[in-house]
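The block underneath contains the structure these notes are about, expressed in structure tokens.
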Amino acid sequence: MHLEMVKECLEKVRQRNPLVHHITNVVVTNFTANGLLALGASPVMAYAKQEVAEMARIAGALVLNIGTLNETEVEAMLIAGRSANEQGVPVVLDPVGAGATQYRTQTARMIMEQVNISLIRGNAAEIAHVLGEKWEIKGVDAGQGDQDVSVLAQKAAKQWGTTIVITGKEDVITDGERIFRIGNGHPMLTKVTGTGCLLTSVIGSFMAVEQDALVAGAAALVCYGVAAEKAAGKAADEGPGSFQIQFLNELYKMDGADVLQMGQLNW
Ligand code: ATP
Ligand code: TZP
Ligand code: MG
Ligand code: MG
């Protein structure tokens, strides 16, 4: 995998404009939809159990995000997930806040048992807690942990037989065999809510156009981090409000040349 492949994936997203079905949280819905439109994907949020199977079936990817979960929504996630599986539509899970409450941890595990998940993206605390390991967590934010993040990601990928992304200052992606570390990103991303959730949806958009989840995920991480760096160059001094707007602009404007010039993809 090299930066040329990242560039190709980005171009495929923009050419194909994939439909990405979301069952996500109420905090990030608008930001996520705008982020995907800016990037070049086509977001749809659909939650009713009467329609989710139908919507998931026609989508290029399904994103399940438990950020503000409740019983009705979880039921819809299982219906949508099974329908996506039947149709070969990739399913991405963001276990937001797993470890903060038992309900979140158990729900993430239950979804993983009943739905075939192609990729899970979380912060280190969320992935650790779903695995049954310790990591400091405060609500939806990760604190400190003892483990090496790469070791944690590989353990999770092997145990669950899926691709794992753990984000933070450095991002790690692994399918248990191959592993990449992505150095792009900017601390301003931690000052805007939903940047982790939007990232999961951007990964879903890439998975809709690239079958290899590891390649799609790594490409999405590079593009997202490069857009954040470009946005920070324009707005970091002004604060999170301006950064958020510039970030949407850069998801729209960033291109293959930026990827080749700024991408930090290591293995
Ligand atoms: P948390 O709630 O712990 O912040 P999250 O779900 O918001 O987790 P993050 O880990 O913050 O997800 O990842 C979102 C994006 O922010 C990723 O692209 C990641 O690379 C980037 N990011 C997070 N922290 C930093 C940092 N200190 N420096 C640079 N980029 C960062
Ligand atoms: N509370 C429940 S979901 C949510 C908050 C603040 C958004 C979390 O978004 P992210 O992307 O994990 O920071
Ligand atoms: Mg964050
Ligand atoms: Mg998150």
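All values below come from the heavy atoms of this structure, side chains included, with hydrogens, waters and symmetry mates left out. Counting convention: from 1, in listed order, for ligands and their atoms alike.
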Numbered atoms of ligand 1 (with element) below 4.0 Å of Ala142, judged on heavy atoms: 3 (O)
Atoms in ligand 2 flagged as close to Gly67, the criterion being non-hydrogen separation under 4.0 Å: 2 (C), 3 (S)
Side chain, backbone, both or neither: which applies to Leu189 and ligand 1 if a contact is any heavy-atom pair less than 4.0 Å apart? side chain
In the protein, which heavy atom is nearest to atom 4 (O) of ligand 1, and how far is it? Asp141 OD1, 3.5 Å
Heavy-atom nearest neighbour in the protein, as seen from atom 7 (C) of ligand 2, with distance rounded to 0.1 Å: Thr193 OG1, 3.7 Å
Going by the order shown, which atoms of ligand 2 are within less than 4.0 Å of some heavy atom of Asn25? 3 (S)
Glu177 vs Lys158, salt bridge (charged side-chain N to carboxylate O under 4.0 Å, His left out): CA-CA, chis, key distance, verdict: CA-CA 8 Å; Glu177 302 293 329; Lys158 284 192 176 129; 5.5 Å; no
Classify the ring geometry of Phe31 against Phe247: parallel below 30°, tilted from 30° to 60°, perpendicular beyond 60°. tilted
What residue and atom, counting heavy atoms only, is the protein's closest point to atom 5 (C) of ligand 2, and at what distance? Val27 CG2, 3.8 Å
Evaluate Arg178 against Asp212 for salt bridge (charged side-chain N to carboxylate O under 4.0 Å, His left out), listing each step before the verdict. CA-CA 12 Å; Arg178 300 168 292 171; Asp212 186 334; 3.0 Å; yes
I need the contact type for Leu199 against ligand 1. Using non-hydrogen atoms and a strict under-4.0 Å cut-off, is it side chain, backbone, both or neither? side chain
Residue, atom and distance of the protein heavy atom nearest atom 18 (O) of ligand 1 read Tyr224 CD2, 3.5 Å
Considering heavy atoms of the protein only, find what lies nearest to atom 28 (N) of ligand 1 and give residue, atom and distance to 0.1 Å. Pro187 N, 3.6 Å
Do the side-chain N and O atoms of His22 and Thr32 include a donor-acceptor pair separated by under 3.5 angstrom? no
Under 4.0 Å from any heavy atom of Thr190, which atoms of ligand 1 are there? 23 (C), 24 (N), 25 (C)
Note: ligand 1 atoms sitting under 4.0 Å from heavy atoms of Gly196 are 5 (P), 6 (O), 7 (O), 12 (O), 14 (C)
Hey, does the side chain of Thr105 reach the backbone of Gly99 with a donor-acceptor pair shorter than 3.5 angstrom? yes
Hey, is Lys7 close enough to Glu11 for a salt bridge, meaning N to O under 4.0 Å? yes
Of the backbone atoms (N, CA, C, O) and the side-chain heavy atoms from C-beta on, which set of Thr195 has a member under 4.0 Å from an atom of ligand 2: side chain, backbone, both, or neither? backbone
Protein non-hydrogen atoms only, distance under 4.0 Å: does atom 11 (O) of ligand 1 have such a neighbour? no
Check: Val96 N/O within less than 3.5 Å of ligand 2 N/O: no
Ligand 1 contacted by Arg121 (non-hydrogen, < 4.0 Å): yes
Are any of the N or O atoms of Val140 closer than 3.5 Å to those of ligand 1? yes
NZ/NE/NH1/NH2 to OD/OE distance under 4.0 Å, Lys230 and Asp258: yes
contact_flag Gly168 ligand 1 heavy-atom lt 4.0 Å: yes
Quick test of your reading of the model: are Glu133 and Lys155 salt-bridged, counting only N-O distances below 4.0 Å? yes
Test side-chain contact (heavy atoms from CB on, under 4.5 Å) applied to Leu3 and Leu265, step by step: CA-CA 7 Å; Leu3 290 173; Leu265 178 67; 4.1 Å; yes
Heteroatom distance test (Asn123, ligand 1): nitrogen or oxygen, under 3.5 angstrom: yes
Between Thr200 and Asp94, does any side-chain donor sit less than 3.5 Å from a side-chain acceptor? yes
Where is the nearest protein heavy atom to atom 26 (C) of ligand 1: which residue, which atom, and how far? Lys169 CA, 3.6 Å
Applying a 4.0 Å heavy-atom criterion (strictly less than), which segment of His186 is in contact with ligand 1: side chain, backbone, both, or neither? backbone
Option nearest atom 13 (O) of ligand 2 (shortest heavy-atom distance, choices Gly194, Cys197, Ser201): Gly194
For Leu39 and Ser205, which heavy atoms make the closest approach, and how far apart are they? CD2-CB, 4.2 Å
Check the pair Asn25, Asn65 against side chain to side chain donor-acceptor pair (under 3.5 Å), reporting the backbone distance first and the verdict last. CA-CA 6 Å; Asn25 71 74; Asn65 176 312; 3.0 Å; yes
Connected via hydrophobic side-chain network under 4.5 Å: Val13 and Val165: yes
Hydrophobic clustering (ILVMFWY, side-chain heavy atoms < 4.5 Å, transitive) - are Val91 and Leu93 grouped together? yes
Tell me, which protein residue and heavy-atom name are nearest atom 9 (P) of ligand 1, and how many Å apart are they? Thr167 OG1, 3.4 Å
Heavy atom under 4.0 Å from ligand 1: found in Asp171's side chain, backbone, both, or neither? side chain
For Gly185, counting its heavy atoms only, list the atoms of ligand 1 lying under 4.0 Å from any of them. 29 (C), 30 (N)
Applying side-chain contact (heavy atoms from CB on, under 4.5 Å), run through Asp175 and Thr162 and close with a yes or a no. CA-CA 6 Å; Asp175 58 5; Thr162 188; over 6 Å; no
Side chain or backbone, does Gly196 bring an N or O within less than 3.5 Å of an N or O on ligand 2? yes
